[in-house]
Amino acid sequence: MDRSEGQAEAGTVFVRSQRLKNRKEFLFLAARGRKAPVPSLVLQLFRRQDSDAARVGFTVTKKVGNAVVRNRARRRLREVVRLVEADTPLNGLDLVLIGRAATGKRLFTDLVADFRKALAICLAEADRKAHSLRK
């Protein structure tokens with residue numbers, strides 16, 4: 001069994017086309033997206049006009065720690081999104097998860113709960129804005 005087979009069995013894998021990589025995309029979400037800060041992360045969300053698969057970007061600044069700590073935080077954030085996406089459809093969304101110092105230290109169940117809370121806040125705010133624009 002090679003590495004790609006193991007990842008496919010484990011669950012959703014973010015392929016390159018579903019990842020936000022360009023600075024321009026991150027800046028767009030920072031400017032136009034909804035934001036929800038929670039204790040372990042900051043979520044930025046933008047609802048697109050299509051129903052394609054969610055595009056996700058991850059960022060952790062040097063304030064959080066050295067490269068080992070930042071990479072661990074990014075891995076935890078990727079796993080959180082993978083778990084939540086398994087039972088909550090995220091189609092048509094662009095997401096950026098910004099790691100904080102607490103991302104690496106927080107219990108994983110609390111990290112998942114924080115992401116769900118931030119997602120609910122952002123989606124409610126986006127729906128409220130969309131509803132007010134239709135009137």
Side-chain angles (χ1 to χ4, degrees):
M1 171 170 81
D2 67 355
R3 184 179 173 128
S4 62
E5 289 173 7
Q7 288 178 338
E9 291 171 8
T12 306
V13 178
F14 295 109
V15 293
R16 190 171 205 84
S17 62
Q18 294 175 320
R19 293 283 301 275
L20 297 175
K21 289 286 201 176
N22 298 334
R23 176 174 165 76
K24 186 170 104 174
E25 295 168 332
F26 280 84
L27 292 175
F28 178 82
L29 257 79
R32 304 257 328 265
R34 303 283 150 227
K35 296 168 188 68
V38 290
S40 59
L41 60 98
V42 176
L43 175 66
Q44 296 175 337
L45 178 142
F46 181 77
R47 190 176 293 233
R48 299 187 318 258
Q49 298 299 321
D50 59 29
S51 61
D52 293 342
R55 298 185 316 160
V56 185
F58 304 92
T59 183
V60 182
T61 65
K62 286 187 178 182
K63 288 185 207 177
V64 172
N66 64 16
V68 173
V69 173
R70 292 193 312 268
N71 287 332
R72 181 176 295 128
R74 253 188 302 276
R75 283 193 306 271
R76 294 186 87 201
L77 291 175
R78 276 197 302 267
E79 184 63 14
V80 165
V81 173
R82 187 187 71 78
L83 286 174
V84 171
E85 191 175 36
D87 62 351
T88 305
L90 300 177
N91 294 347
L93 300 176
D94 285 345
L95 306 165
V96 170
L97 282 81
I98 302 170
R100 290 183 161 180
T103 304
K105 300 174 188 141
R106 198 148 167 91
L107 287 175
F108 192 73
T109 54
D110 293 340
L111 191 60
V112 172
D114 284 348
F115 177 67
R116 287 183 192 277
K117 179 181 176 184
L119 188 61
I121 291 169
C122 284
L123 288 173
E125 197 175 312
D127 289 342
R128 204 170 331 134
K129 183 178 180 192
H131 187 270
S132 68
L133 290 176
R134 284 187 220 138
K135 287 186 176 186

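Throughout, residue positions are numbered sequentially from 1 according to the sequence presented.
Using a distance-only test at 3.5 Å, with no hydrogens or angles considered, a donor-acceptor pair links the side chain of E25 to the main chain of N22.
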Test V64 against V69 for side chain to side chain contact (heavy atoms under 4.5 Å, CB included), laying out the working first. CA-CA 7 Å; V64 172; V69 173; 4.0 Å; yes
Audit row: L83, F115, side chain to side chain contact (heavy atoms under 4.5 Å, CB included) steps and yes/no: CA-CA 11 Å; L83 286 174; F115 177 67; over 6 Å; no
Please assess R82 against E85 for the test salt bridge (charged side-chain N to carboxylate O under 4.0 Å, His left out), listing each intermediate value before the final yes or no. CA-CA 5 Å; R82 187 187 71 78; E85 191 175 36; over 6 Å; no
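For the pair L29 and L45, the minimum side-chain heavy-atom distance is 4.5 Å or more. F26 is not listed as a side-chain neighbour of K21, based on a closest heavy-atom distance of 4.5 Å or more.
Between L43 atom CG and K117 atom NZ the span is 12.5 Å, to the nearest 0.5 Å. The distance from the OG1 atom of T59 to the CG atom of L20 is 11.5 Å, given to the nearest 0.5 Å.
The side chain to side chain contact (heavy atoms under 4.5 Å, CB included) test applied to A53 returns Q18, not counting sequence neighbours. With sequence neighbours left out, R116 forms a side-chain hydrogen bond (donor to acceptor under 3.5 Å, both in side chains) with D87. Evaluation of the side chain to side chain contact (heavy atoms under 4.5 Å, CB included) rule for L27 yields R23 as partners, not counting sequence neighbours. The side-chain hydrogen bond (donor to acceptor under 3.5 Å, both in side chains) search around N71 returns R74, not counting sequence neighbours. Scored by the salt bridge (Lys or Arg N to Asp or Glu O under 4.0 Å) test, R76 finds no partners at all (sequence neighbours excluded). Residues meeting the ring pair (Phe, Tyr, Trp, His ring centres under 6.0 Å) test with F46, sequence neighbours left out: F28. Legend: residues meeting salt bridge (Lys or Arg N to Asp or Glu O under 4.0 Å) with R47, ordered by chain and number and at least two apart, are D127. Take S40 and apply the side-chain hydrogen bond (donor to acceptor under 3.5 Å, both in side chains) test, not counting sequence neighbours, and it matches D114. Evaluation of the salt bridge (Lys or Arg N to Asp or Glu O under 4.0 Å) rule for R72 yields no partner, not counting sequence neighbours.
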May I have the list of side-chain donor-acceptor pairs in residues 90-101 shorter than 3.5 Å, sequence neighbours left out?
unit_1: D94; atom_1: OD1; unit_2: R48; atom_2: NH1; d: 2.5
unit_1: D94; atom_1: OD1; unit_2: R55; atom_2: NE; d: 2.9
unit_1: D94; atom_1: OD2; unit_2: R55; atom_2: NH2; d: 2.8
unit_1: R100; atom_1: NH1; unit_2: V38; atom_2: O; d: 2.9

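Applying the salt bridge (charged side-chain N to carboxylate O under 4.0 Å, His left out) test to pairs two or more places apart or on separate chains, none has a residue in residues 35-45.
A118 and A36 get closest at one heavy-atom pair: O-CB, 3.6 Å.
Hydrophobic clustering, with ILVMFWY side chains joined whenever heavy atoms are under 4.5 angstrom apart, keeps L111 apart from I121.
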